[in-house]
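Reckoned from all heavy atoms, side chains included, excluding hydrogens, waters and symmetry mates.
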Amino acid sequence: MTTSMPADVLITGWAHSKFGKLEEGIESLVVSVAVEAIASAGLEPEQIDAIYYGQFNAGMHPLAFGSSLALQAGDGLWGKPATRVENACASGAAAVHQGILALRAAAARNVLVIGAEKMTHAGAELVGACLLGADYDTAGGTSSTGFAGLFAKVADEYSLRFGDCSDTLGTIAAKSHHNALDNPYAHLRKPLDEAFCRTESAANPRVVGILRRTDCSPVSDGAAAVVLGRERSPAARHPAVRFLGVGQANDYLPADRRDPVAFAASRVAWNRAMAMAELETGDLSFLEVHDCFTIAELVLYETLGLAAPGAGARLLDDGVVFRDGALPVNPSGGLKSKGHPVGATGVSQHVLAAMQLSGTAGALQLGRASRAAVHNMGGLAVANYVSVLEAV
């Protein structure tokens, strides 16, 4: 198995729609980001060799076969191999990693990767039932709390082992909302402070367990796209970004075979990607991680080795993970505030990281951005992907 990454596996172009409750249909979202990503890479459609399309769907949208939607971005894409990739909430990163494999295998020189999801039209009951299709123990059943109920159990177990984490979750939520204020693509651009996010109220009700509304990512529509290539076109609109390492790891599906606060396969994916990149955590400028619920971000601080088990709150107390800290986490606002259109999320994380590393993030731009890691997971840390990226 190859344990090194060639120096010429690049993100050469990208595009990102607004996330939120959108009037656009899935076809319009896919085509618009495809057109923009190809143009930003300085390419023509006929120069794309393969297409990977990340979408979960699971019944939220009636079109279950969308891999060829991207072909409508230009006649030059007709006849190109296009494949839909699905791995629950990690469908976007799964599509990115498939594109990387195509480059590494010399099966393509330029790959278009799209992630998209249309959710807000479906209604809460249908969306909840479809998302539970990503959980082995509740798929096909009924639940009034959906995935929030599953992550509430994680928060309960974390509090049992390490002490009440409710205030810590409120701090993470407030950090997320603050970061999203400068993200023009974000679903929730609301200046919600720590006091509001920590307090249960009519405007911030308890959802389940200790999770309040501000602890939960919203149901969103949206799309994002990247072009992966072996070299940057002279006509590209911005600098390229290089992959230094990638990792994927899957855990067991049955909940009783997983420690709910370990996210063990996320750690394996992280270690694989960092070993391939030959980096330590201190070499990174920032992280974009899968914070579908605030408790997920807290656990990931510890899973990814930023803090010891039970000590993740110290990163907040010391300011480490804030935008002006030593290692900002989710400067984009994360899933929590940017939004979580499931199939688009992993691609979106790569786009926002590439914008930072290329110095094109606008008001979101960090002062120091040379290397980054992206973490995307499907289910409750069942399918896990990590990418390590570097400015070229």
Side-chain angles (χ1 to χ4, degrees), residues 19-23 25-26 29 54-64 66 84 86-92 94 115-157 169 173 176 186-188 200 202-223 251 253-256 258 260 263 290-297 299 334-346 348 376-383:
F19 281 4
K21 187 177 176 66
L22 306 180
E23 294 298 323
I26 191 74
L29 288 166
Q55 185 187 21
F56 178 56
N57 195 346
M60 288 184 288
H61 192 277
L63 181 63
R84 178 186 166 200
E86 185 276 310
N87 222 354
C89 296
S91 296
E117 209 76 63
K118 185 71 177 173
M119 305 174 70
T120 62
H121 67 287
E125 185 174 344
L126 177 58
V127 169
C130 291
L131 293 177
L132 282 177
D135 181 66
Y136 174 88
D137 298 289
T138 58
T142 58
S143 170
S144 61
T145 58
F147 255 83
L150 302 179
F151 277 88
K153 292 178 181 178
V154 176
D156 289 344
E157 182 63 24
L169 301 185
S176 167
H187 187 164
L188 301 179
E200 182 180 348
N204 188 25
R206 186 177 300 270
V207 175
V208 56
I210 65 171
L211 300 184
R212 298 154 296 230
R213 181 178 292 164
T214 50
D215 294 310
C216 309
S217 60
V219 171
S220 309
D221 306 324
D251 208 333
L253 276 170
D256 61 8
R258 291 180 274 116
F263 289 15
H290 193 99
D291 61 327
C292 48
F293 299 89
T294 52
I295 183 60
E297 181 168 325
V299 172
L335 287 60
K336 164 67 199 72
S337 296
K338 181 184 62 178
H340 184 25
V342 176
T345 286
S348 165
N376 184 204
M377 68 184 185
L380 210 164
V382 172

For residues [X] and [Y], report the shortest heavy-atom separation together with the two atoms involved.
X	Y	answer
F56	A134	CZ-CB, 4.1 Å
A90	G378	CB-N, 3.5 Å
M119	V127	O-CG2, 3.5 Å
A64	R84	O-NH1, 3.0 Å
A116	A223	CB-CB, 3.9 Å
A203	R213	O-NH1, 3.7 Å

Check: [Y] main-chain N/O paired with [X] side-chain donor or acceptor under 3.5 Å:
X	Y	answer
D215	A173	no
E297	V299	no
S91	G54	no
N204	R212	no
R206	G209	yes

Decide yes or no for [X] and [Y]: does some side-chain heavy atom of the first lie under 4.5 Å from some side-chain heavy atom of the second?
X	Y	result
S348	K338	yes
L380	K153	no
L169	L211	yes
R258	V382	yes

Spatial distance of atom [atom1] ([X]) from atom [atom2] ([Y]) [nearest 0.5 Å]:
X	Y	atom1	atom2	result
H340	D291	NE2	CG	9.0 Å
S176	L335	OG	CG	9.0 Å
H187	S220	NE2	OG	5.0 Å
K336	C292	NZ	SG	11.5 Å
L29	E23	CG	CD	11.0 Å
L132	T145	CG	OG1	8.0 Å

Got a sec, which pairs hit ring-ring contact (aromatic ring centres under 6.0 Å, His included) with one end in residues 136-157, sequence neighbours left out?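 Those involving residues 136-157 are F151-F293.
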
For D156, which residues count as a side-chain contact (heavy atoms from CB on, under 4.5 Å) partner, sequence neighbours excluded?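 Applying side-chain contact (heavy atoms from CB on, under 4.5 Å) to D156 gives I210.
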
Let's go through D137 and D256 carefully: what are the C-alpha distance in whole Å and the side-chain angles of both, what is the deciding distance for side chain to side chain contact (heavy atoms under 4.5 Å, CB included) to 0.1 Å, and is it a yes or a no? CA-CA 9 Å; D137 298 289; D256 61 8; 6.0 Å; no

Taking side chain to side chain donor-acceptor pair (under 3.5 Å) as the cut-off, I'd like each qualifying pair that reaches into residues 115-128, sequence neighbours left out, listed once. K118-D221, T120-D221

